[in-house]
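Single-structure report; data block below.
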Amino acid sequence: MTDSARAEIVVDLAAIRHNVRRLREAVTRPDGSAPAVMAVVKADGYGHGMVPVARAAREAGAEWIGVATLEEAVALREAGDLGPLLTWLAVPGEDHGPALARDVDVSAYSIEQLTAIEKAAGAVGVTARVHLKIDTGLSRGGATRADWPELVAAARAAELAGSVEVVGVWSHLVASDEPERAINDEQELRFLDAVAVAERAGLRPRWRHLANSAAALLRPSIHFDLVRCGIATYGLDPAPGHTQGSGLVPAMTVRARLGMVKPIEPGDGVSYGHQWVADESTWLGLVPAGYGEGIPRAASNRVDVWVAGARRPARGRICMDQFMVDLGPDGAQLAAGDAVELFGTGHDGAPTAQDWAEACNTINYEIVTRIGGRFARIYVDSERDR
Ligand SMILES: *Cc1c(COP(=O)(O)O)cnc(C)c1O
């Protein structure tokens with residue numbers, strides 16, 4: 001930690017590269033063939049930084065990058081990213097032109113969207129590469145199964161007119177983190193059916209894709225041509241309880257310096273509302289970060305942090321800028337300025353984003369994606385900075 005840093009998010013780019021390599025190994029088939037790996041870097045790289053993560057992922061062999069919005073895709077191109085890049089969330093009125101002009105693949109869920117893409121492609125003078133999305137059960141984005149035949153027919157007509165090329169057919173899973181649920185099998189069948197309908201209409205989608213991180217690790221039958229991996233790229237477990245031994249390494253460590261260390265007496269309450277009251281004398285440490293930095297208020301009295309080689313429980317409510325931790329009797333030897341790790345790789349039993357997620361009744365995705373605010377974000381490379 002730099003001497004002056006109050007609170008910072010440290011992202012290890014070597015961990016990102018390691019995780020992409022691990023995913024590539026995990027999806028390689030016995031005959032040596034493998035689907036392409038897409039690193040998903042939407043929402044500022046799940047809180048890790050979209051541009052540096054995309055660069056590290058490409059270096060480690062991710063053939064594709066995926067983002068949700070057109071703005072994210074354009075921002076990545078402006079930052080110098082050149083390879084295959086897919087975007088999948090646009091609303092009526094948004095102009096696909098800037099993304100198409102920058103060689104971005106786009107998604108269509110409906111005939112209206114396909115028409116908007118055709119127009120934008122004509123306006124910028126390119127053939128749009130389109131991935132058609134079928135809703136196989138999530139009931140979120142994607143054409144309904146009833147609308148699919150019409151969408152593929154319209155897409156085939158647009159191909160013959162020369163304004164688009166359908167390069168992909170794709171869908172998204174409902175419960176990939178619960179591999180035993182029957183919906184996984186149903187989605188696989190519905191997806192195969194949708195691909196068959198598209199092929200019968202004359203489409204030849206080079207990229208058929210359905211799997212996210214959990215399915216990349218757990219369900220080889222749906223790897224098809226491409227797997228879209230978000231959370232695993234960041235080293236977090238996509239399906240806790242099902243993916244032990246996946247060899248992923250968390251890339252994000254969140255750390256700070258204690259702002260103050262002080263003793264309290266039995267009966268002293270801590271933080272707003274005195275939701276925690278000491279029953280014996282102890283020492284408190286002030287962590288200078290709070291819900292203004294995306295630390296969930298739900299973490300109040302529930303999470304641990306790591307100080308001086310041990311887990312220390314958060315005490316009382318998490319505030320906007322700060323929260324308190326219980327240092328126990330060790331606090332007498334600690335001082336303001338000492339390092340505190342909120343969560344990270346889990347070294348020596350230190351807390352992880354997964355531990356925080358369980359304590360806050362949420363998922364690791366939300367913990368890392370929301371963290372930010374006034375934290376500085378810095379990048380290290382544990383393979384190269386030695
Ligand atoms: C976010 C997202 C992913 C990545 O999911 P993970 O579970 O993080 O691997 C894949 N596909 C789509 C459509 C997404 O929105």
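The first residue in the sequence is number 1, and the count goes up from there. Quick caveat: nothing in here was measured; it's all calculated off a predicted structure. Just so you know, ligand 1 is whichever comes first in the structure, and atom 1 is the first atom listed for that ligand.
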Seminar exercise, completed: Smallest heavy-atom separation, Ile367 atom then Ala353 atom, equals CG1-O, 4.0 Å
Exercise. Is any N or O atom of Ala214, backbone or side chain, closer than 3.5 Å to an N or O atom of ligand 1?
Worked result: no
For this session: Inspect the contact between Arg377 and Glu8 and indicate whether a charged nitrogen and a carboxylate oxygen are less than 4.0 angstrom apart.
Result: no
Exercise. Which of the atoms in ligand 1, numbered in the order shown and given with their element, are less than 4.0 Å from a heavy-atom of Lys42?
Worked result: 1 (C), 2 (C), 3 (C), 14 (C), 15 (O)
Exercise. Only one of Arg311, Lys262, Arg315, Arg312 forms a salt bridge (charged side-chain N to carboxylate O under 4.0 Å, His left out) with Asp326, so which one is it?
Worked result: Arg315
Problem set entry | Distance filter under 4.0 Å to Tyr365 heavy atoms, resulting ligand 1 atoms | 6 (P), 7 (O), 8 (O)
Problem set entry | Atom indices of ligand 1 within 4.0 angstrom of Tyr46 heavy atoms, with elements | 1 (C), 4 (C), 5 (O), 6 (P), 8 (O)
Seminar exercise, completed: min-distance protein heavy atom vs atom 9 (O) of ligand 1 -> Ser213 OG, 2.5 Å
Exercise. Does Leu173 reach the side chain of Ile222, with side-chain heavy atoms less than 4.5 Å apart?
Worked result: yes
Seminar exercise, completed: for atom 10 (C) of ligand 1, nearest protein heavy atom and its distance come out as Arg228 NE, 3.5 Å
Problem set entry | Ring centroid separation Trp88 to His96 under 6.0 Å | no
Exercise. Is the number of heavy atoms from other residues, nucleotides or ligands within 6.0 Å of CZ (Arg156) greater than 12?
Worked result: yes
Exercise. Taking N or O atoms only and a 3.5 Å limit, does Val40 qualify as a polar contact for ligand 1?
Worked result: no
For this session: Answer yes or no: does an N/O atom from Lys133 fall short of 3.5 Å to an N/O atom of ligand 1?
Result: no
For this session: Identify, for atom 12 (C) of ligand 1, the protein heavy atom at the shortest distance, and state residue, atom and that distance.
Result: His172 CE1, 3.4 Å
For this session: Could you tell me whether Glu188 and Arg208 make a salt bridge, using a distance below 4.0 angstrom between a side-chain N and a carboxylate O?
Result: no
Seminar exercise, completed: The atoms of ligand 1 lying under 4.0 Å from a heavy atom of Trp170, numbered in the order shown, are 13 (C)
Problem set entry | Atoms in ligand 1 flagged as close to Ile231, the criterion being non-hydrogen separation under 4.0 Å | 6 (P), 8 (O), 9 (O)
Problem set entry | Glu25 CD: over 12 foreign heavy atoms closer than 6.0 Å | yes
